[in-house]
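Taking it in order: structure first as structure tokens, then the write-up.
Basis for what follows: all heavy atoms, side chains included, without hydrogens, waters or symmetry-related copies. First the proteins, then the strands, lettered A, B, ... as listed; each starts at 1.
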2 protein chains.
Amino acid sequence: MAGKALPEPTLHRLPVYLQHLKRLSLRGIVVVSCSTLSRDLGLDSSQIRKDLEVTGTVGKPKVGFPVPALIGAIEHFLGWDKVKNAVLAGAEGLGPALLGLKEFAHYGLRIVGVFDADERLIGADLHGFEVRPLGFLPGIARSASARVGIITLPAHLAQSAADLMVSAGVRAIWNLAPIPVRVPAGVFVENRDFYFPLAALSCRLERQEVEAK
Amino acid sequence: MAGKALPEPTLHRLPVYLQHLKRLSLRGIVVVSCSTLSRDLGLDSSQIRKDLEVTGTVGKPKVGFPVPALIGAIEHFLGWDKVKNAVLAGAEGLGPALLGLKEFAHYGLRIVGVFDADERLIGADLHGFEVRPLGFLPGIARSASARVGIITLPAHLAQSAADLMVSAGVRAIWNLAPIPVRVPAGVFVENRDFYFPLAALSCRLERQEVEAK
DNA sequence: CCTGATTCAGGATATATTTCCCGATTAAGG
DNA sequence: CCTTAATCGGGAAATATATCCTGAATCAGG
């Protein structure tokens, strides 16, 4: 009954489908076929069908999938339909930018506290949040039952912030610091420097990648 | 003579190695073995060895790889050692945040112009750049021979910005808008909404992913 | 100089993911 | 009601990626 092997790449494509389906929905479209999605998004239609399969939504031959049901199913599958409390470590650089965009709610996250180690930042107001010392993180995270942590600190502070989070019961960490953090088994971590997608572009540009496959 | 099939995942891991090697280098370490890297980064050592192979660097049995040579080889392979001019479309949200971090230079990029469609933003100063109308993008991109474009605009403007970039000779686009853009063959595009890594975390958190494999 | 332990290099195997394919189902039109 | 064309569902084949394994090279120590 639990989901079978869930391919990583599928997980990364689901949000793409979700965004597009929401746009279709706004235009009043209520059913969509994999072939149409394939044309719109430039992905193989079989792949799309298999990806959508994990959400449990069934389509009708000759018609396609019901758009509203698909949107709901993907959001539910990703857990974006349930609010999860989160703590943010890092009040400089990317952190404030993320807060300012006020997009977290769309992804099921509610920030309950912002923390930093730099004394000059403590007490500052960041889009409505008061920046507090890192040492306060565990207490606040625990009392709010925060299960998600986001790290946008410089490299040398990332690991200790992760440790604090884990100690406070955080079970999933989105680490945007330019260094991987290690966590105990049972805690999920996405070590993903912001700029890495540039690698692919730059590299391909450099070597002109002859085959346009 | 040209590089063989270059696995995508390898491309994404190279920057991780690069960061770590730079840290090792700062600590005065001049050789490192794949087994050591494996312990540090939590990746399989065979995988690391195969990844590093694409850079052409050779290691010594019983010793490992020369750190400085490896750093240079990866930077060269990724094209981060050569400055490429780039245009930024989007003066709100992520765009300014990226500019403010002043990290682009590390990745071989020099921003030569910032553009937006919102009239209220035109003329504003953004970390030393004057925001100009999107219509000016092609001229400036062309005269600076910008080969890279970065899009941080809202969804409804992303495609037109991409088109402008392509028309001006941009050959690689890093699209951070929440919608994929389509480009002609021969142009590389990374459609990557900033928040997508959250999908993996949230989803796994939600379904508790039993197997800790 | 010889022995043992470590690591590279690269082929072989296993696993994961994508692509292909075909039978079954549905809607539209004659 | 029957035919046609589009699409789903899911298994099979192909491809891509990761892991395992072996032999050769190198260094340290006796």
Side-chain angles (χ1 to χ4, degrees), chain A residues 3-17 21 24 29-67 69-70 73-74 191 196 199-200 203-204 209 211-213, chain B residues 3-17 20-21 24 29-67 69-70 73-74 196 199-200 203-204 209 211-213:
Chain A
K4 295 276 103 265
L6 169 60
E8 273 280 315
T10 294
L11 206 44
H12 294 314
R13 282 188 298 262
L14 284 176
V16 177
Y17 303 141
L21 290 166
L24 293 179
I29 294 170
V30 294
V31 289
V32 68
S33 71
C34 289
S35 4
T36 306
L37 288 176
S38 173
R39 272 187 292 277
D40 291 350
L41 300 172
L43 297 168
D44 184 83
S45 67
S46 290
Q47 185 168 71
I48 297 175
R49 200 172 299 119
K50 277 183 163 44
D51 286 341
L52 298 183
E53 204 168 26
V54 306
T55 69
T57 314
V58 295
K60 264 193 194 168
K62 176 83 182 193
V63 178
F65 292 83
V67 174
L70 256 190
I74 296 176
N191 289 306
F196 285 178
C203 181
R204 295 217 173 87
E209 191 120 298
E211 50 186 346
K213 177 173 27 166
Chain B
K4 294 277 103 263
L6 168 61
E8 272 280 315
T10 294
L11 206 43
H12 295 314
R13 284 188 295 264
L14 285 175
V16 177
Y17 303 141
H20 190 68
L21 289 166
L24 294 179
I29 295 169
V30 294
V31 288
V32 68
S33 71
C34 289
S35 5
T36 307
L37 289 175
S38 173
R39 273 185 293 277
D40 291 349
L41 300 173
L43 297 168
D44 183 83
S45 67
S46 291
Q47 184 169 74
I48 297 177
R49 202 172 297 118
K50 277 179 164 45
D51 286 340
L52 298 183
E53 204 168 27
V54 306
T55 69
T57 314
V58 295
K60 262 193 194 171
K62 174 85 182 191
V63 179
F65 292 84
V67 174
L70 213 40
I74 295 177
F196 285 176
C203 182
R204 295 217 172 87
E209 190 120 299
E211 48 185 348
K213 172 168 34 161

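- Which of C:dC8, D:dT19, C:dT17 sits closest to the side chain of B:Ser33 comes down to C:dC8.
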Using the side-chain contact (heavy atoms from CB on, under 4.5 Å) rule, take B:Thr57 and B:Leu52 through it: C-alpha gap first, then chi angles, then the decisive distance, then the call.
CA-CA 7 Å; B:Thr57 314; B:Leu52 298 183; 6.0 Å; no
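- Within residues 37-45 of chain B, the residues having any heavy atom under 4.0 Å from DNA chain D are, by residue number, B:Asp44.
- Atoms NE2 and CG, on B:His20 and B:Leu41 in that order, are 5.0 Å from each other to the nearest 0.5 Å.
- Of all the heavy atoms in A:Leu70 and A:Phe65, the pair that sits closest is CD1-CB, 3.6 Å.
- At least one side-chain heavy atom of B:Lys50 sits under 4.5 Å from a side-chain heavy atom of B:Glu53.
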Reading nucleotides 22-30 of chain D from the 5' end, what letters show protein touch, with B for base, S for backbone sugar-phosphate only, - for no heavy atom under 4.0 Å?
---BBB---
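- Look at CD1 on B:Ile48: it is 18 Å from P on D:dT17, rounded to the nearest Å.
- Taking the side chain as every heavy atom from C-beta outward, A:Ser46 and A:Arg49 approach each other to under 4.5 Å.
- Within 4.0 Å (heavy atoms only), A:Ser35 reaches sugar-phosphate atoms of the nucleic acid but no base atom.
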Derivation of the side-chain contact (heavy atoms from CB on, under 4.5 Å) call for B:Leu14 and B:Val54:
CA-CA 10 Å; B:Leu14 285 175; B:Val54 306; 4.2 Å; yes
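- At C:dT19, none of the side-chain N or O atoms of A:Ser46 fall inside 4.0 Å of OP1 or OP2 (strictly under the cut-off).
- Of the candidates D:dG10, C:dA9, D:dT7, D:dG10 carries the atom nearest the A:Glu53 side chain, counting heavy atoms from C-beta on.
- Protein atom CG of A:Asp51 is 11 Å distant from nucleotide atom P of C:dT17, rounded to whole Å.
- Of the residues listed (B:Thr55, B:Thr10, B:Asp51), the one engaging B:Tyr17 in a side chain to side chain donor-acceptor pair (under 3.5 Å) is B:Asp51, and it is the only one.
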side-chain contact (heavy atoms from CB on, under 4.5 Å) evaluation trace for A:Leu24 with A:Leu37
CA-CA 10 Å; A:Leu24 293 179; A:Leu37 288 176; 4.3 Å; yes
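- Closest to the side chain of B:Lys50, from the set C:dA9, C:dC8, D:dC20, is D:dC20.
- At C:dA9, none of the side-chain N or O atoms of B:Arg49 fall inside 4.0 Å of OP1 or OP2 (strictly under the cut-off).
- An OP1 or OP2 oxygen of C:dT17 is reached within less than 4.0 angstrom by no side-chain nitrogen or oxygen of A:Gln47.
- Rounded to whole Å, atom P of C:dT25 lies 16 Å from atom CZ of A:Phe65.
- Put simply, A:Arg13 has a side-chain N or O that comes within less than 4.0 Å of OP1 or OP2 on C:dT18.
- Looking only at side-chain heavy atoms (C-beta outward), B:Leu6 and A:Cys203 come within less than 4.5 Å of each other.
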